[in-house]
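All values below were derived from every heavy atom in this structure, side-chain atoms included, with hydrogens, water molecules and symmetry-related copies excluded.
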Amino acid sequence: MKKQLYFSISFIALFFILQFITGLSYTLFFDRESYTQFGDYTTAENSVLTTIVVIVISASLAYGIQKWLVKRVSR
């Protein structure tokens with residue numbers, strides 16, 4: 001049960017942190033000359049792909065954190 005709790009908390013925290021960082025980087029580094037008159041700043045495909053990548057990275061890191069915490073706490 002502790003393993004699932006460690007994984008869940010780590011995943012949720014990492015997901016929100018990575019989503020925030022991704023949003024900031026899109027805002028800071030997006031080419032402003034390509035903005036359209038209607039304000040279409042991003043495409044749905046780009047947004048979904050980014051979210052999938054963030055989910056995979058968050059899950060991988062959360063799994064590693066969970067393994068590390070289980071070893072550390074069980075000593």
Side-chain angles (χ1 to χ4, degrees):
M1 188 68 165
K2 284 185 180 181
K3 289 181 183 181
Q4 294 165 344
L5 184 64
Y6 293 149
F7 179 82
S8 299
I9 291 172
S10 300
F11 177 78
I12 291 169
L14 287 167
F15 179 76
F16 283 115
I17 290 168
L18 290 174
Q19 281 289 87
F20 182 74
I21 291 170
T22 302
L24 279 177
S25 65
Y26 275 159
T27 303
L28 293 174
F29 301 116
F30 193 72
D31 184 22
R32 284 168 175 66
E33 285 80 35
S34 65
Y35 286 171
T36 63
Q37 206 172 352
F38 301 105
D40 184 20
Y41 302 130
T42 184
T43 62
E45 297 86 18
N46 189 16
S47 179
V48 170
L49 179 63
T50 303
T51 303
I52 291 171
V53 169
V54 167
I55 287 171
V56 169
I57 292 171
S58 297
S60 301
L61 290 174
Y63 181 75
I65 290 171
Q66 175 241 340
K67 288 289 191 184
W68 178 75
L69 282 173
V70 168
K71 281 184 184 177
R72 186 169 178 166
V73 170
S74 67
R75 287 187 206 183

List the atom pairs, donor and acceptor, that lie under 3.5 Å between side-chain atoms in residues 6-15 and the rest of the protein, sequence neighbours left out.
from : atom 1 : to : atom 2 : distance (Å)
S8   : OG     : Q4 : O      : 2.8
S10  : OG     : Y6 : O      : 2.8

Please tabulate, one pair per line, all N/O donor-acceptor pairs under 3.5 Å involving side-chain atoms of residues 63-71, not counting sequence neighbours.
none

Worksheet item: Can you tell me how far CG of L61 sits from CD1 of I17, rounded to the nearest 0.5 angstrom?
Response: 10.5 Å
Fill in: Pairwise distance NZ(K3) to CG(L5) - rounded to 0.5 angstrom
13.5 Å
Worksheet entry | Distance, nearest 0.5 Å, that separates OG1 of T51 from CG of L18 | 11.5 Å
